[in-house]
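Note on naming: letters A, B, ... go to the chains in the order of the sequence lines (proteins, then strands), and numbering restarts at 1 for each one.
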Amino acid sequence: MKVSKGFIYIVIIVVVIGLGILGWVYLKGQKQVAVTPTPTPTPTAVTTESQLKTVETDLKEAETTETELDTSEIEAMEKDLDPSQFDVL
Amino acid sequence: MGNKLTKIVLAVLAFLFVLSFSVATAKTDTTTNATATGYEKAKKEWQTLRDSLKTKGKQATTEEKSQALEKAKTMVSNAIDRAISHLKRIIQRIQKIKVITEERKTKLVSDLNAQITALETLKTKVQAATTKDELKATVGDVKNKFVEIRGIVKKIVAEILASHIDKTITKLNTIATKLETEVVTLKTQGQDVTDFETTLTEAKTLLTQAKTKNDAGDWKEGRRLAEQARTKLVKLAGEIKAAKAKLKGGTSESE
């Protein structure tokens, strides 16, 4: 039985993608149970700089939270829902 | 032939890959946009009919009024759908937030889910309305519910952000303490650290002010002051790094 090249390619790609997914799932699981490694001693200035960067990210995240939890959309609808507009009915 | 087939297979796979990402990311946006568009469309249709009824006055037929009532009900129902969609987005966001405990998150989500249930009940009431007075009364309830929901969300935002800023201030204070140690070390090594000390004092003052504001409920001002303190500490960290590099270079030269 002769197997076409196309079929072989598809099989290879499916296997690669499958292995990729399995690898990803495995690594994800590993990450969750991984024991926090002992921090390698680093120069204070470098550590401080990275910590300051983290703080910057935290502050940006706070801003995102504020934007995403904004209620102006509901406030605008409140104004639209004036019961007196239905008097014409 | 083989090459052509390979290209086709690769193109299909690339397409599926991009599509899967697009579908995943667009799912939420599509729902949000659909509810927003649905509401705006229904609002316009209702407003057109309302204006037409106003123009006709007493000459408006019962059938026209009945049609307009249905449009009004659709508009209010869509407004409720949009509010529900908004609350669901807020719930998703809350679940991603790390600055509050899981227990607190569960409580907040449960509170918001209770509001969603209340809105769904009101939607059923709107759809069951058969008269103008029934609709008006229910719309009044919907409006009050929206006001209540806004209040609840505002409180949640304040709680989350106050906690967020508080944790940020703690981190910045830890950094300030570390930098202070660095400044003291440089001073003992005979370096002129007058400017460093000034910047450090300014940063610490800003952090104290930020904490005071945040604890008083003014998290916006707390965040602004924390950001200013962070800028000062970034500057100080850079200066300390440069001073240490200079010192190291000088030592190497003397050796």
- prompt: Between B:M75, B:K145, B:K154, B:Q47, which has the largest tally of heavy atom pairs under 4.5 Å with chain A?
  reply: B:M75

message: Is B:L233 in contact with chain A via its backbone, its side chain, both, or neither, using a 4.5 Å heavy-atom distance?
response: both

message: Could you measure the distance from the OG1 atom of A:T64 to the CZ atom of B:R93? Nearest 0.5 Å is fine.
response: 5.5 Å

message: Using heavy-atom distances under 4.5 Å, tell me whether B:K220 contacts chain A through its side chain, its backbone, both, or neither.
response: side chain

statement: Of all heavy-atom pairs linking A:L52 and B:R230, the shortest is O-NH1, 3.3 Å

task: Output the option from B:K98, B:K136, B:K54, B:K56 having the highest count of non-hydrogen pairs under 4.5 Å with chain A.
output: B:K136

statement: Here the gap from B:I156 atom CD1 to A:L69 atom CG, rounded to the nearest 0.5 Å, amounts to 7.5 Å

task: Answer yes when A:D58 and B:K171 have at least one side-chain N-carboxylate O distance shorter than 4.0 Å, and no when they do not.
output: yes

task: Any chance you could measure A:E49, atom CD, to B:I175, atom CD1, to the nearest 0.5 Å?
output: 10.5 Å

message: Other residues, nucleotides and ligands only: do more than 12 of their heavy atoms fall within 6.0 Å of NZ on B:K71?
response: no

Residue part contacting chain A, namely of B:V99, when any heavy atom lies under 4.5 Å: neither

message: Restricting to non-hydrogen atoms, name the atom on A:D70 and the atom on B:H86 that form the minimum distance, rounded to 0.1 Å.
response: O-NE2, 2.7 Å

query: Do you know which of A:E66, A:E63, A:E61 has the most heavy-atom pairs with chain B at a distance under 4.5 angstrom?
result: A:E66

field: Interface residue of largest heavy-atom contact number with chain A, from B:L172, B:I149, B:T181, B:I160, under 4.5 Å
entry: B:L172

query: Any side-chain heavy atom of B:I165 within less than 4.5 Å of one from A:L59?
result: yes

- prompt: Do B:W46 and A:Q85 have a side chain donor and acceptor closer than 3.5 Å?
  reply: yes

Closest non-hydrogen atom pair between A:V88 and B:L53, with its separation: O-CD1, 4.0 Å

message: I need the minimum non-hydrogen distance between A:L81 and B:V142, along with the two atoms involved.
response: CD1-CG1, 3.7 Å

field: Distance (rounded to the nearest 0.5 Å) between A:M77 CE and B:F146 CZ
entry: 4.5 Å

query: Do B:K96 and A:T65 come within less than 4.5 Å of each other through their side chains, counting heavy atoms only?
result: no

- line: The interface call for B:L161 against chain A, heavy-atom contacts under 4.5 Å, is side chain

field: Between CZ on residue B:R150 and CD on residue A:E73, distance to nearest 0.5 Å
entry: 12.5 Å

- line: Looking only at B:I90, B:D133, B:V147, most heavy-atom pairs under 4.5 Å shared with chain A are made by B:V147

- prompt: Does the pair B:Q92 and A:E68 meet the rule for a side-chain contact (heavy atoms from CB on, under 4.5 Å), with working shown?
  reply: CA-CA 10 Å; B:Q92 278 179 357; A:E68 287 188 15; over 6 Å; no

query: So which part of B:L49 gets closer than 4.5 Å to some heavy atom of chain A, the side chain, the backbone, both or neither?
result: neither

field: Side chain / backbone / both / neither for B:K43 at chain A, heavy atoms under 4.5 Å
entry: side chain

